[in-house]
Amino acid sequence: MTAAPAILPARSLADRLTATFWRHPRVLLAILLTPPLLWLGVVYLGSLAALLLQSFYSIDEFSGVVKQEFTLKTYAELLRPSNFDILVRTVIMAASVTLACAVLAFPIAYYAARYAKGHWKAAFYLGVMLPLWSSYLVKVYAWKLILAKEGIIGWAAERTHTSWIIDGLLSIPGLEGSSLSTSPLGTFAVFVYIWLPYMILPMQAALERVPNSMLEASADLGATRAQTFRTVILPLALPGVIAGSIFTFSLTLGDYIIPQIIGNSANFIGMAVYQLQGTAGNIPLAAAFAVVPILIMLVYLWLARRMGAFDAL
Amino acid sequence: MTTAVTFQNVSRHFGTVKAVDGVDLTIAEGSFFAMLGPSGSGKTTCLRLISGFEKPTGGAIRIFGEDVSNTPPHLRNVNTVFQDYALFPHMNVRDNVAYGLMVKGMGRSQRHAKAEEMLALVKLDAYGGRKPAQLSGGQRQRVALARALVNEPRVLLLDEPLGALDLKLREAMQDELKALQHKLGLTFVFVTHDQHEALSMADSLAVFNEGKIAQIGSPQDIYDRPATRFVADFVGSSNVLPPDLTRALGGPPEWASLRPEATRLAASGPVSGPVTALRYLGSGTRVVLDLKGTEVAALVPAGQPVPAEGATSAIGFDPKDLHLMGAA
Amino acid sequence: MLSERSPLSLRAAAIGGLLFLHLPILLIFLYAFTTEERSFQFPPPGLTTQWFTTAWYDRPDIWPPLWLSLKVATIATSIALILGTLVAAAMTRTAFFGRDQISLLILLPIALPGVITGMALRSAFGIMDIPFSVWTIVLGHATFCIVIVYNNAVARLRRLSGGIMEASADLGANAFQTFRHVLLPNMGSALLAGGMLAFALSFDEVIVTIFTAGSGAEAKTLPIWMLDELIRPRQRPVTNVVAIVVFAATFFPILAAYYLTRGGSETAGMGK
């Protein structure tokens, strides 16, 4: 074998640049990170800062011009009964949607994690993934078709002579409406439908981490099926539920399309933001409204973190 | 004799962890050099310092006399057989082997011819078109070897290359590697935690402990004359005698090692104790005595009387076989 | 022992749940063929394919939003592909200061409700006097698409044996050769999947877009057009025809992305 040199010469600019990256790893890191950090830092964080800034401005009630002076007046407006109602209503809606999603998601996640094998497992996964990713607007639209007075639910109820159930539900105070599509019940149903996959996936992930041997150990120690479920499966699934609830809660807090299309046009935080910045032109108040979900989510995330939910994300 | 690799007081510290700490070593050209030690002892880090995937925090490394402090891995004419082989999953075996030639700009037909030649050398001629996933562990290991050797490196680095193979394959590969090294006359640097592998394959070896070299020498040196208790314990089946026992047996108050082959049973002696275990080895019997709380083994050649378990016996040996290791 | 067969009630609930997720979408298809154009009467009084020809020939208002959406999704996806891959490549390197903060920053645009991203961008445009345009839409879309590409890229990089990059350098390849011959071929399908999901997400996005598109007719993306039709319907079945197009434009990329990254967990867990 001919004795080649122990160190090869750099043949190209690329070789020399690679040598520079090797000698100074931070150079490469900086080159990689600068463009995305500039983008996210300037576009996104910059915008959030602008939002925060706007929320401390106020609007002149007579001229409708934004006064660019620091004030807490706009935040104080949030506490006015009409505005405070919006906050309360949104939080109640987000909480009940989250609860309903958790209940509905459990059998699907549990079945997919424990029993589904091979092709069925793939089918379940895809069956949850596709609705999660497919067009949001199309899904909302589908529910407008379903919930309309002359739509499929009304038709089915009429055929089975169960219209009185729907009528009964629609006469409950707070849920009134001429049909499901104009009742808060409809809004609730659509929220649950749209965000359900966001609950199923983390829940399934958490359940899949429960080893079968642990369930067998519990059965071995004399626990009944119900006891195993309550004392072993539920506590272990909880981080998944909390992780999922972060999505369902946050997404419901901010949505303004669903309550606009389905429901009794009662105001929600998202709608308030949308209307205030649009037709009303009250950007400071819109900004203040938008800050509320951020604060709620920060508290929520802090609580979730303390309960160990992030391991399931 | 040319030196292939030299370490001059080389250190690699990660924060407060001293993975490699003040190592000096010289690897002769054409030798089969083994780095032996338990996991975390710094041997793999040393190998990565030679290939350039780690940079020393102190000291200097030379490859064939040239300081490589400023040379990135891709410009070092050394190649590595990785522990998990690290074959490119998207390329077939032939392209894997030809990769080094391709990035250096060699034409397609020429590099494929060379790759086939190298595959023949490792007895994989018929496998060029397969993907790594379609090969067995032993075959992947050979591909990794061919992929490194095709570049005609000045030094071949092997990072526990046999670790993932089962015992039988492992022994066959040990012989093959040794034969290949002999045939090519190439410098092999071999990292392993298996003392038998190191002793049987290497021309010389370094025993690592806690980032430092505990002893460096020929397999014979290390086996017969371990420099420290650690080496004696880790490398072999030597008896390790604490200072008080050494003194009781007629030596100075130092730690010492004594090979079982050099130890014989005696009816009486300065120290005696009960026989605690017997193991028949075919060529003889290994008798273990408890001498003042230390287990000492002696090899009784076949045909000589063997005491019963529980019987009391003493030992004798030629004083020149007692190897002293100092107060540590 | 845990019985291998599932309780019947559980299986029924699970399959019922999946049907609940899928059946509503099928209705969209049915109503695209109804002869009744003013209400959502069920069952449809008759079936016709006329709405497809109507949508194609008689509704010129559909085309500009469609082109705009395609354009925005293409540009936003391209930007997200570049930026997302860069961050992913940086994050697979050893720990560095600020690593956790950066991963949080990438996640934030989809972790917070879209209305916040929208309102925040709107405020920034207002303060800086930036007029609404295609580019203001792209700015928003690219921001929340980065995380999609990033997730896919990072999951693949994590699955890839780190050794092969070192092996490439060991065999004499410089960083650019390693990128081209080793990294890209192994990352390709994950990036394609990430790009497709990002495209689907952008093509369909409406919550942020409304805040960043302005009110002009030239700033109407297809989802905004659809929303207008939902609030003020003209020919309802035509909306269904467009809904099918939107659905297909998101459905097929998602399906493709799934098959490209099967075996990994790239597409799971994270949505819009």
Side-chain angles (χ1 to χ4, degrees), chain A residues 14-15 18 21 29 32-33 35-36 39-40 43-44 46-48 50-51 54 104 107-108 111 115 126-127 129-138 141-143 145-146 148 150-152 155 198 201-202 212 215-216 219 250-251 253-254 256-257 261 270 273 277 283 286-287 290 293-294 297, chain C residues 1-2 6 10-11 13-14 17-18 21-22 24-25 27-28 31 39-42 83 86-87 89-90 93 96 105-106 109 112-116 119-124 126-127 139 143 146 174-176 197 200 204 206-207 223 226-227 230 243 246-247 250-251 254 258 267-269 271-272:
Chain A
D15 275 359
T18 307
F21 296 155
L29 194 64
L32 291 174
L33 277 177
W39 182 285
L40 286 169
V43 175
Y44 193 67
S47 300
L48 283 181
L51 177 76
Q54 292 269 23
L104 275 179
I108 305 178
Y111 187 87
Y115 297 104
L126 208 54
M129 282 289 301
L130 282 176
L132 172 85
W133 280 94
S134 56
S135 171
Y136 162 84
L137 213 50
V138 170
Y141 182 40
W143 278 87
L145 305 180
I146 293 171
E150 69 281 6
I152 188 166
W155 173 79
Y198 291 86
L201 287 175
N212 256 325
L215 304 184
E216 279 164 19
S250 154
L251 291 167
L253 272 187
Y256 63 93
I257 303 281
I261 293 177
V273 174
Q277 62 86 32
I283 301 250
I294 302 182
M297 284 320 295
Chain C
M1 284 294 287
L2 190 75
S6 54
L10 177 67
R11 195 164 0 147
L18 275 193
L21 284 174
H22 287 267
I25 297 171
L27 272 185
I28 294 279
Y31 277 101
S39 75
F40 300 121
Q41 188 187 343
F42 191 90
L83 298 180
L86 285 175
V87 198
R93 305 180 70 79
F96 55 88
L105 176 62
I106 299 163
L112 290 178
V115 71
I116 293 170
M119 187 59 214
L121 286 166
R122 172 94 173 68
S123 307
I127 285 181
L139 223 52
T143 302
I146 292 174
N174 61 46
F176 302 87
L197 290 174
D204 173 50
V206 61
I207 293 186
M226 246 182 87
L227 190 62
L230 290 189
V246 174
F247 182 76
T250 53
F251 181 86
I254 296 156
Y258 171 75
T267 42
K272 332 186 175 182

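First the proteins, then the strands, lettered A, B, ... as listed; each starts at 1.
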Original post:
Is the shortest heavy-atom distance from the side chain of A:Leu145 to the side chain of A:Ile152 under 4.5 Å?
Top reply: no
Original post:
Out of A:Ala290, A:Gly151, A:Gly127, which one racks up the most heavy-atom pairs below 4.5 Å with chain C?
Top reply: A:Gly127
Original post:
So which of C:Ile207, C:Leu139, C:Leu227 has the biggest tally of heavy-atom pairs under 4.5 Å with chain A?
Top reply: C:Ile207
Original post:
Out of C:Leu27, C:Val87, C:Leu230, which one racks up the most heavy-atom pairs below 4.5 Å with chain A?
Top reply: C:Leu230
**OP:** With a 4.5 Å cut-off on heavy-atom pairs, point out which of A:Leu33, A:Leu48, A:Leu126, A:Ile261 contacts chain C the most.
**Re:** A:Leu126
**OP:** Heavy atoms only, distances under 4.5 angstrom: which of C:Ala124, C:Ala175, C:Pro24, C:Ala243 has the most pairs with chain A? Name it, please.
**Re:** C:Pro24
Original post:
With only heavy atoms counted, which part of C:Phe247 is less than 4.5 Å from chain A, the side chain, the backbone, both or neither?
Top reply: both
Subject >> Rounded distance [0.5 Å steps], CG in C:Leu105 versus OH in A:Tyr44 >> reply: 8.5 Å
Original post:
chain A heavy atoms under 4.5 Å from C:Ile146: which part of the residue, side chain, backbone, both or neither?
Top reply: side chain
**OP:** Could you look at A:Ala148 and say if it's the side chain, the backbone, both or neither that has a heavy atom under 4.5 Å from chain C?
**Re:** side chain
**OP:** Working to the nearest 0.5 Å, report the span between CD1 of C:Ile116 and CG of C:Leu121.
**Re:** 12.0 Å
**OP:** Examine whether an atom of C:Ser123 lies under 4.5 Å from a heavy atom of chain A, and if so say whether it belongs to the side chain, the backbone or both; otherwise answer neither.
**Re:** both
Subject >> Straight-line distance of A:Ile283 CD1 to C:Met119 CE, nearest 0.5 Å >> reply: 4.5 Å
Original post:
So do C:Leu112 and A:Pro293 actually touch side chain to side chain, heavy atoms under 4.5 Å?
Top reply: no
Original post:
If you count heavy-atom pairs under 4.5 Å between each of A:Leu104, A:Leu253, A:Ile294 and chain C, which one has the most?
Top reply: A:Ile294
**OP:** Keeping the roles fixed (side chain from C:Asp204, backbone from A:Tyr136), state whether a donor-acceptor pair exists under 3.5 Å.
**Re:** yes
Original post:
Are A:Val273 and A:Tyr256 close enough that some pair of their side-chain heavy atoms sits under 4.5 Å apart?
Top reply: no
